[in-house]
Number of protein chains: 2
Amino acid sequence: MALAHAILAALINAPCSGYDLAKRFDGSVGFFWSASHQQIYRELSKLEDQGWISCQTILQAGRPDKKLYSVTDLGEQQLKKWIAQPCEPTPIKDDLLVKIFAARVASKETILAEIEQHQKAHLEKLSTYENLKQHYFRNPQKLSQPEQFQYLTLLNGISYEKHWLAWCDGVIELLKGNGEQEIGFGD
Amino acid sequence: MALAHAILAALINAPCSGYDLAKRFDGSVGFFWSASHQQIYRELSKLEDQGWISCQTILQAGRPDKKLYSVTDLGEQQLKKWIAQPCEPTPIKDDLLVKIFAARVASKETILAEIEQHQKAHLEKLSTYENLKQHYFRNPQKLSQPEQFQYLTLLNGISYEKHWLAWCDGVIELLKGNGEQEIGFGD
DNA sequence: TCTGCCATGTAAGTTGTTACATGATTAT
DNA sequence: ATAATCATGTAACAACTTACATGGCAGA
């Protein structure tokens, strides 16, 4: 059910179309939820049927019509209700860690290359996040309440990428060394 | 396809039954992949049909027969192949962050209670991981290669829980304060 | 001319969740 | 007695992925 609520959360900040939503799920909302455009369109239909969101068709000159969705009172109530009921931390599911766990069937070089790829990807994500922080959250003390909460999700993303980077560093050091040094990171 | 490979990774370390696998996915393998027993049994049938694993029925006195699965040569090849092809970092999907993002529709108390719940859960996980580290990985220098890789997944889990704990601390401080202080964590 | 953006969807297949189902043994 | 553990599954449903499908406009 969380995709529905992630969409509500996004729409409550600013009503928009399915297309726009898909882009947001690739950007800011993507810090904590990912979804393809197919999922989004399907869920939007369902949410409209349930009356949690309403839709207004906007005619545009020279480009396709767009459907502007906004959260209804019922929708906001449901979101509030969902937030109030406790949830569990998300269980981890990570391909890279499966690979590491089974790394003995592969060569050191294969593993090293993969880790370096991931390190690069995490570094890029981190840099994107840091840029957003610089541009939009320069003065954390002066943020409005909604902005403050969004800022917190960004900080989570930054912390998450740093956690991965530190771990990748450690793995690389270990693999590049000859097994003589300690694996001391993570403390 | 990653569930299949997670199962192969688990079986290659030690052949076992579906029931045992389910328990491992609730323990050590659970650091990086989660799956229910229904998924596991379904996937085991499929893997056996494909010839990636083989099965030997063990008759037991006083308890149900068990099926002991082990990875075939073909299975190991497939695992190796999968490890060699690059994968992307797992996109984040986290209920709690959706809640924070939309936190303005809820009360401070609701959010605070939820964060504290999560902090507790992460603390418990961390303590479980630290215990495993103490018991099984006392001398990281002396580990065999397969053990070293398993140790790396454990260290990842530890680092992950610490990342969450630090973030929860920050959020709690912010919510308990009056908005006068900085949100300075995450750096 | 070709790529990318805008904007919306359908269809098929895989994966994951929840509930149901059985039945003996062991510990409280 | 009752609950927990061992051990295996089926069935229905929900969620997610991948591929297909359309079609105009803007810029290189």
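In what follows, chains are A, B, ... by sequence order, proteins preceding strands, each numbered from 1. Only a predicted model underlies this, so the values are computations on that prediction, with no experimental measurement involved.
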Exercise. Any ion pair linking Lys81(B) and Glu76(B) (charged N to carboxylate O, less than 4.0 Å)?
Worked result: no

Exercise. Given the rule that I, L, V, M, F, W and Y join up when any side-chain heavy atoms are under 4.5 Å apart, are Ile92(A) and Ile158(B) in one cluster?
Worked result: yes

Please enumerate all protein N or O atoms sitting under 3.5 Å from an N or O of nucleotides 7-17 of chain C, with distances to 0.1 Å.
residue, atom, partner, partner atom, Å
dA7(C), OP1, Gln60(A), OE1, 3.1
dA7(C), OP1, Gln60(A), NE2, 2.5
dT8(C), OP1, Lys67(A), N, 2.9
dT8(C), OP2, Tyr19(A), N, 2.8
dT8(C), OP2, Tyr41(A), OH, 3.0
dT8(C), O5', Tyr41(A), OH, 3.4
dT8(C), O4, His37(A), NE2, 3.4
dG9(C), OP1, Lys67(A), NZ, 2.6
dG9(C), N7, His37(A), NE2, 3.4
dG9(C), O6, His37(A), NE2, 3.0
dT15(C), OP1, Met1(B), N, 3.3
dT15(C), OP2, Lys46(B), NZ, 2.8
dG16(C), OP1, Lys93(A), NZ, 3.0
dG16(C), OP2, Gln39(B), NE2, 2.6
dG16(C), O5', Gln39(B), NE2, 3.0
dG16(C), N7, Arg42(B), NH1, 3.2
dG16(C), N7, Arg42(B), NH2, 3.1
dG16(C), O6, Arg42(B), NH2, 3.1
dT17(C), OP2, Gln39(B), OE1, 3.3
dT17(C), O4, Arg42(B), NH2, 3.3

Exercise. Cluster question for you: counting only ILVMFWY and a side-chain heavy-atom cut-off of under 4.5 Å, with indirect links fine, are Trp82(A) and Val105(B) together?
Worked result: yes

For this session: Mind checking ring-ring contact (aromatic ring centres under 6.0 Å, His included) for Phe137(A) and listing every partner two or more places apart, or none if nothing turns up?
Result: Tyr151(A)

For this session: Inspect the contact between Lys142(B) and Glu147(B) and indicate whether a charged nitrogen and a carboxylate oxygen are less than 4.0 angstrom apart.
Result: no

Exercise. Under 6.0 Å from the CG atom of Asp49(A), do we count more than 12 heavy atoms belonging to anything else shown?
Worked result: yes

For this session: Would you mind reading off the distance between Gln50(A) atom CD and dA14(D) atom C1', rounded to a whole angstrom?
Result: 13 Å

For this session: Quickly work out the Glu88(A) CD to dT18(C) P distance and round it to whole Å.
Result: 11 Å

Problem set entry | Whole-Å distance separating the CD1 atom of Ile40(A) from the P atom of dT17(D) | 11 Å

Seminar exercise, completed: When rounded to whole Å, the CG to P distance for the pair Asp26(A) and dT17(D) reads 13 Å

Exercise. Between Leu59(B) (CG) and dA7(D) (P), how many Å, whole number?
Worked result: 13 Å

